[in-house]
Amino acid sequence: MPFKSKNLGKLSQVPNIDMKIATYNVNGINARLPVLLRWLEETAPDVACLQELKSIEEKFPLLAIHGAGYNVVMHGQKSWNGVAILAKNQLELKESSRGLPGNDTDEQSRYIEAQVEDILVCCLYAPNGNPAPGPKFDYKMNWLQRLVIRSEMLVKMSNPVVVLGDYNIIPTDFDAQKPERWVNDAVFFPEAKEIYQQLLKQGWTDSIRELHRNEKIFTYWDYFRNAFNRDAGIRMDHLLLNAPLATRLKAGNVDRNVRGWEKTSDHAPVWIDVSD
DNA sequence: ATGACTTACCCGGTAAGA
């Protein structure tokens with residue numbers, strides 16, 4: 001048989017060009033471990049960014065996550081916050097930094113960056129900011145302003161970058177089933193929405209909105225009042241891509257069904273597929 | 001509807017989330 005040079009060409013390309021990248025606010029990794037493991041097994045993301053671990057490093061379920069086939073870098077904290085980046089164990093995963101620059105007194109674990117193959121993955125858990133106005137909202141805005149400064153540098157990188165996680169911002173009226181219900185909430189304050197617009201103006205692509213222009217997409221539903229069954233949701237978990245990565249965007253969506261599982265988080269996982 | 005849930009902490013209350 002003659003040798004098919006076309007196939008040889010494909011084989012010689014850089015591997016791992018196809019990548020599924022997800023973000024999931026787990027709301028307590030130990031309390032949600034069965035849900036997390038089931039989701040990892042069923043959907044097999046290459047990279048999974050987690051928020052609200054509510055766990056220090058010593059209490060992180062490392063054996064279970066390794067058993068599921070993932071390596072981990074994490075920034076933990078007792079009781080609250082905490083972020084982690086999981087990558088399938090055949091992928092190169094290297095932490096590059098943790099904590100948002102610009103405030104040395106910030107003790108809260110809300111940000112970690114890691115290189116996964118050629119992609120810089122930046123996992124965040126923005127402060128909620130309630131009650132607003134007040135000191136917690138001031139902290140939220142200070143944190144988001146630091147994110148804007150960091151993002152300015154990241155968006156210009158020649159390598160692909162994704163900044164993803166729980167932004168605790170509903171970007172527009174269209175991103176809530178019932179926007180009027182959120183007008184007094186920090187996640188829908190004009191100052192927070194303005195930050196999101198500032199980020200988009202820097203050149204980031206809101207990947208899920210880009211893929212679903214005229215579709216109501218939610219990523220969070222209250223535990224109260226049977227919100228999920230009424231689809232009383234909001235969109236707060238976002239995956240922002242710089243131009244080198246946005247050109248690779250192929251698909252993306254919310255794993256809504258996970259929100260319906262027993263002992264589940266109030267957020268659902270959100271994912272994208274990127275490939276050359 | 002300034003939460004009607006649900007968690008972590010450490011042991012039944014509080015603080016926090018959004």
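Keep in mind that the numbers below use all heavy atoms, side chains included, and drop hydrogens, waters and symmetry copies. In what follows, chains carry the letters A, B, and so on, assigned in the order in which the sequence lines appear, proteins first and then strands, with residues in each chain numbered from 1.
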| note | Result for 5'-nearest mapping on DNA chain B, choosing between A:P131 and A:R110, is A:P131

| Toward the 5' end of DNA chain B, by each residue's nearest nucleotide, A:Y223 or A:I234 | A:Y223

| query | Does a side-chain N-to-carboxylate-O contact under 4.0 Å join A:D18 and A:K250? | reply | no

| query | Does the pair A:R209/A:D175 count as a salt bridge with the N-to-O cut at 4.0 Å? | reply | yes

What is the separation between atom [atom1] on [X] and atom [atom2] on [N], rounded to the nearest whole Å?
{"X": "A:F224", "N": "B:dG17", "atom1": "CZ", "atom2": "C1'", "answer": "8 Å"}
{"X": "A:Q108", "N": "B:dA15", "atom1": "CD", "atom2": "C1'", "answer": "13 Å"}
{"X": "A:N30", "N": "B:dA8", "atom1": "CG", "atom2": "P", "answer": "7 Å"}
{"X": "A:R225", "N": "B:dT2", "atom1": "CZ", "atom2": "C1'", "answer": "11 Å"}
{"X": "A:D222", "N": "B:dT7", "atom1": "CG", "atom2": "C1'", "answer": "15 Å"}
{"X": "A:L53", "N": "B:dA8", "atom1": "CG", "atom2": "P", "answer": "12 Å"}
{"X": "A:N128", "N": "B:dA16", "atom1": "CG", "atom2": "C1'", "answer": "9 Å"}
{"X": "A:H267", "N": "B:dC5", "atom1": "NE2", "atom2": "P", "answer": "19 Å"}

At a cut-off of 3.5 Å, list every protein nitrogen or oxygen paired with a nitrogen or oxygen from nucleotides 9-11 of chain B, distance to 0.1 Å.
residue : atom : partner : partner atom : Å
B:dC9   : OP1  : A:S79   : N            : 3.4

| message | Please tell me whether A:T219 and A:D237 have a donor and an acceptor in their side chains that are separated by less than 3.5 angstrom. | response | yes

| task | Would you kindly say whether A:N130 and A:K140 are connected by a side-chain donor-acceptor distance under 3.5 Å? | result | no

Which part of the nucleic acid, if any, lies within contact of [X], taking any heavy atom under 4.0 Å across all strands shown: a base, the sugar-phosphate backbone alone, or nothing?
{"X": "A:N81", "value": "nothing"}
{"X": "A:N226", "value": "nothing"}
{"X": "A:N168", "value": "sugar-phosphate"}
{"X": "A:F228", "value": "nothing"}
{"X": "A:K140", "value": "nothing"}

| For B:dT6, does OP1 or OP2 lie under 4.0 Å from any side-chain N or O of A:R32? | no

| Selection: residues 256-264 of chain A, any non-hydrogen atom under 4.0 Å of DNA chain B | A:K263

| Where along residues 183-199 of chain A does a heavy atom fall under 4.0 Å from DNA chain B? | A:N184, A:V187

| Hydrophobic cluster partners of A:I56 (side-chain heavy atoms under 4.5 Å) | none

| query | Can you list the residues that meet the side chain to side chain donor-acceptor pair (under 3.5 Å) rule with A:E210, with sequence neighbours excluded? | reply | A:R213

| message | Quick test of your reading: applying salt bridge (Lys or Arg N to Asp or Glu O under 4.0 Å), list the pairs with at least one residue in residues 177-199 of chain A, sequence neighbours left out, ordered by first then second residue. | response | A:R181-A:D222

| Which pairs with one or both residues in residues 147-159 of chain A pass side-chain hydrogen bond (donor to acceptor under 3.5 Å, both in side chains), sequence neighbours excluded? | A:E113-A:R150

| Quantified in whole Å, what is the C1' atom distance between nucleotide B:dG12 and nucleotide B:dA8? | 13 Å

| query | In whole Å, what separates the P atom of B:dC10 from that of B:dT6? | reply | 23 Å

Show every ring pair (Phe, Tyr, Trp, His ring centres under 6.0 Å) that has at least one partner inside [range], sequence neighbours left out.
{"range": "residues 25-44 of chain A", "result": "A:Y24-A:W39"}
{"range": "residues 204-233 of chain A", "result": "A:Y220-A:H267, A:W221-A:F228"}
{"range": "residues 169-195 of chain A", "result": "A:F137-A:F189"}

| Set of residues satisfying side-chain contact (heavy atoms from CB on, under 4.5 Å) with respect to A:A251, sequence neighbours excluded | A:W271, A:D273

| Residues in salt bridge (charged side-chain N to carboxylate O under 4.0 Å, His left out) with A:D104, at least two apart? | none

